[in-house]
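All values below come from the heavy atoms of this structure, side chains included, with hydrogens, waters and symmetry mates left out.
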Amino acid sequence: MTPLELLAPAKNLECGLAAVQHGADAVYIGAARFGARASAGNSIDDIRELCRYAHQFEVRVYVTVNTILYDDELSATEQLIRQLYDAGVDAILVQDMGILRMNLPPIALHASTQTDNRTAAKVRWLQQQGFRRVVLARELSVDEIASIHAQVPDMPLEVFVHGALCVSYSGLCYASQHCFHRSANRGECAQFCRMKFDLIDADGREWEHQRHLLSLKDLNQHAHLGELIQAGATSFKIEGRLKDAAYVKNVVAAYSQQLNAFIAAHPVQYCRASKGKVTYTFTPHLEKTFNRGFTTYFLHGRQPDIFSPDTPKAMGEYVGKVKELRRDSFNVAGTASFANGDGLCFINAERQLEGFRVNRAEGNRLYPYPMPAHLRANMALYRNNDQEFERILARPSAERKIPVTLRLEAIPQGFRLSCGSVSVEAACAHQTAQKPPHDNIVRQLSKLGGTVYECSRVEVPPHFDYFIPSSLLAGLRRQLVERLSEDAETKSLPTSVIPHQESAATPPAYSHSFEYNMANRLSAAFYGAAQPSAYELRGGDGPIMQCRHCLRYSLGYCTKRGGAVPQWREPLRLRLSDGRLFRLEFDCKQCQMNVYAED
């Protein structure tokens with residue numbers, strides 16, 4: 001039976017606990033330093049507390065140590081990894097290959113998506129280095145994932161299923177570093193891809209004006225989990241280490257329920273990777289939390305409408321069209337209900353996003369303050385802040401319990417209470433009960449409120465007629481719960497061996513040395529290079545972005561796929577509002593768009 005893992009993001013301890021409570025099988029979180037979201041760091045104490053709580057459910061905790069490192073950070077990184085291991089962390093996500101040359105504790109290493117994992121050859125090479133899992137590139141189709149799994153069947157594959165998309169292949173984006181001296185490979189991305197650009201041709205003619213041409217919609221594979229599972233993926237990752245607890249609760253709940261539905265239809269082949277049954281006080285609704293509109297990206301190959309050129313901000317759920325406008329209000333044609341304080345938005349006639357708050361809602365008549373100046377009849381309306389839904393998620397919204405069967409039996413020196421292989425005993429003289437003891441035994445042993453366990457059944461041998469004081473039953477119950485919790489945490493501790501220190505395997509080749517992201521002496525030695533050559537150290541003359549997203553195709557001018565013949569003269573360039581230019585190269589053989597800086 002194959003365990004399936006829903007992997008949730010955690011900005012902090014609160015989000016991590018919410019992820020576990022709402023059905024995650026694993027949580028990934030950043031430590032104080034060296035994570036690919038520099039603003040989402042956490043203390044060792046908080047990570048230890050998350051591990052303690054999560055391990056009760058056999059939920060794994062992974063920590064992102066997936067930035068490239070400079071020489072003066074190597075010692076601190078090694079020390080951090082040892083602290084994480086001691087805190088009970090189950091694995092770390094890694095980008096910098098210099099970590100493989102460190103003196104590591106026996107903690108499992110996962111190859112972050114920042115290591116650019118899009119071919120079977122790369123996955124096999126990473127396996128040869130000792131990695132225990134590979135996080136695949138977001139751009140891969142279900143057929144490409146299946147092909148990688150077929151060629152490297154014993155390597156666990158993790159895939160992204162929900163959240164924000166980077167337009168460049170992860171690990172190969174140097175735009176933020178080039179333009180703002182903020183390295184995406186060091187967790188400091190300035191979101192170059194969310195900016196406005198003009199699109200101009202070789203003659204300086206403008207074809208698009210100040211549009212978000214590199215800004216992608218958000219990923220949503222909720223309806224396609226089954227396809228990804230059957231392709232060979234076993235871990236399903238939700239993006240969002242900068243998102244709040246409400247986002248985590250809603251998205252984790254939605255995907256957990258979907259994963260359960262798939263397993264229920266395939267109970268012999270698959271199971272969840274952790275324990276616990278979750279009950280919810282709300283119905284998950286993916287459109288109600290932050291999203292830029294949704295796409296399945298390249299799941300079934302190249303498709304139109306994967307980018308969001310009008311805005312990089314959250315649009316939210318479609319709630320209807322503007323019907324009638326008055327001086328201080330308007331009504332909405334649709335079935336949605338509204339609440340005071342709802343946040344709504346629309347794309348105006350200039351293709352700009354405008355947002356406003358509902359001051360008062362009377363049915364489908366809404367009273368904003370002030371009234372949006374550019375709102376017109378028949379405009380599509382979206383809700384990007386649902387007050388009632390947020391209020392629900394602000395309260396306790398899920399409870400996770402592990403169903404257990406307890407068995408009580410007499411032993412020569414007293415009594416034994418057990419759950420599976422875990423048992424506790426109490427010395428007590430055997431006395432014949434004056435009345436049947438069964439109901440009191442069940443009542444006392446079932447009192448598991450306040451713990452992560454719930455009693456699904458109490459087994460007592462036939463003809464068990466011993467008197468047992470309620471206080472003794474309560475003591476056995478408390479001791480057993482303590483032992484169960486200790487046992488669960490011990491079983492979840494890392495057991496993987498450290499990676500190989502040396503390997504004869506040849507790493508996949510890149511055209512430019514900076515694409516290996518060697519920023520320190522250990523990573524340079526790993527690749528057999530004379531010195532580090534990361535873009536952050538030396539720059540480079542190669543592309544600052546490599547994208548599967550293609551503007552020729554997205555704008556309707558890919559003639560190989562039936563698009564119109566463009567009237568522009570290439571090369572095309574993107575132009576920022578400050579005048580900086582970026583040349584586009586269309587590598588049709590690789591079906592890829594490369595972006596070059598022009599200084």
Side-chain angles (χ1 to χ4, degrees), residues 2-30 35 37 40 42 46-64 88-93 108 110 133 135 156-163 219-222 225 228-229 233-263 270-282 284-286 289-290 393 396-403 452 488-489 491-492:
T2 303
L4 302 177
E5 177 187 275
L6 178 61
L7 177 55
K11 175 173 68 174
N12 50 33
L13 177 59
E14 178 195 6
C15 291
L17 298 178
V20 176
Q21 291 158 0
H22 288 72
D25 301 294
V27 177
Y28 66 104
I29 189 169
R37 297 290 185 274
N42 294 275
D46 279 357
I47 292 171
R48 181 182 293 107
E49 176 61 21
L50 177 59
C51 290
R52 186 204 63 77
Y53 182 78
H55 287 169
Q56 297 176 97
F57 302 95
E58 297 187 15
V59 169
R60 299 281 176 168
V61 176
Y62 309 139
V63 173
T64 55
V89 169
D90 299 286
I92 57 173
L93 283 86
H110 295 178
R133 178 187 293 184
V135 187
L157 301 178
E158 181 180 308
V159 297
F160 284 87
V161 292
H162 197 88
L219 185 64
N220 183 343
Q221 307 291 25
H222 182 262
L225 283 182
L228 292 167
I229 293 167
T234 53
S235 179
F236 308 95
K237 187 171 197 169
I238 297 166
E239 173 67 69
R241 276 203 300 121
L242 299 179
K243 298 295 192 295
D244 60 17
Y247 177 93
V248 171
K249 290 179 177 183
N250 185 36
V251 179
V252 168
Y255 276 87
S256 184
Q257 291 180 351
Q258 188 77 345
L259 202 54
N260 285 342
F262 178 86
I263 289 172
Y270 302 101
C271 63
R272 292 296 291 264
S274 64
K275 294 181 177 179
K277 179 182 178 182
V278 183
T279 55
Y280 302 97
T281 64
F282 73 105
H285 196 315
L286 291 173
T289 43
F290 185 100
L393 292 181
S397 48
E399 184 177 56
R400 183 169 184 166
K401 295 285 187 177
I402 301 174
V452 299
E489 184 168 351
K491 286 193 298 186
S492 290

In the structure I gave you, are the side-chain heavy atoms of [X] and [Y] within less than 4.5 Å of one another anywhere?
X	Y	answer
E49	L13	yes
Y28	T64	yes
I92	H110	no

For [X] versus [Y], what's the shortest heavy-atom pair and its separation?
X	Y	result
P284	A253	CG-CB, 3.6 Å
C15	A245	SG-N, 3.5 Å
H55	G88	CE1-O, 2.9 Å
A254	L286	CB-CD2, 3.7 Å
V252	A19	CG1-O, 3.8 Å
L219	F160	CD2-O, 3.5 Å

**Report entry** Salt-bridge present (K277, E399; N to O < 4.0 Å)
**Finding:** no

Is there a donor-acceptor contact under 3.5 Å from the side chain of [X] to the main chain of [Y]?
X	Y	answer
D25	L6	yes
K249	L393	yes
D90	R60	no
N220	H162	no
N12	N42	no
R272	G23	yes

Requested in this report: Would you please test F236 and Y255 for ring pair (Phe, Tyr, Trp, His ring centres under 6.0 Å) and show each step?
Outcome: CA-CA 9 Å; F236 308 95; Y255 276 87; 9.0 Å; no

Once you round to the nearest 0.5 Å, how far does [atom1] of [X] lie from [atom2] of [Y]?
X	Y	atom1	atom2	value
R133	T234	CZ	OG1	6.0 Å
T279	Q21	OG1	CD	11.0 Å
I402	F57	CD1	CZ	5.0 Å
C271	N260	SG	CG	11.5 Å
L225	I229	CG	CD1	5.5 Å

Query raised in the report: What class does the angle between the rings of Y280 and H22 fall in, given that below 30° is parallel, 30 to 60° is tilted and above 60° is perpendicular?
Result: tilted

Query raised in the report: Going through the distances and angles, do I263 and Y270 end up as a side chain to side chain contact (heavy atoms under 4.5 Å, CB included)?
Result: CA-CA 6 Å; I263 289 172; Y270 302 101; 4.1 Å; yes

Requested in this report: Would you please test V89 and I47 for side chain to side chain contact (heavy atoms under 4.5 Å, CB included) and show each step?
Outcome: CA-CA 8 Å; V89 169; I47 292 171; 3.5 Å; yes

**Report entry** Worked verdict on L4 versus L259 for side chain to side chain contact (heavy atoms under 4.5 Å, CB included)
**Finding:** CA-CA 8 Å; L4 302 177; L259 202 54; 4.1 Å; yes

Query raised in the report: What do the steps show when you test Y62 against L7 for side chain to side chain contact (heavy atoms under 4.5 Å, CB included), and what is the final call?
Result: CA-CA 9 Å; Y62 309 139; L7 177 55; 3.7 Å; yes

Report task. Answer with yes or no whether the side chains of R48 and Y53 bring together a donor and an acceptor at under 3.5 Å. Result -> no

Query raised in the report: Under the criterion side chain to side chain contact (heavy atoms under 4.5 Å, CB included), which of Q56, R400, K401 is the partner of V452?
Result: Q56

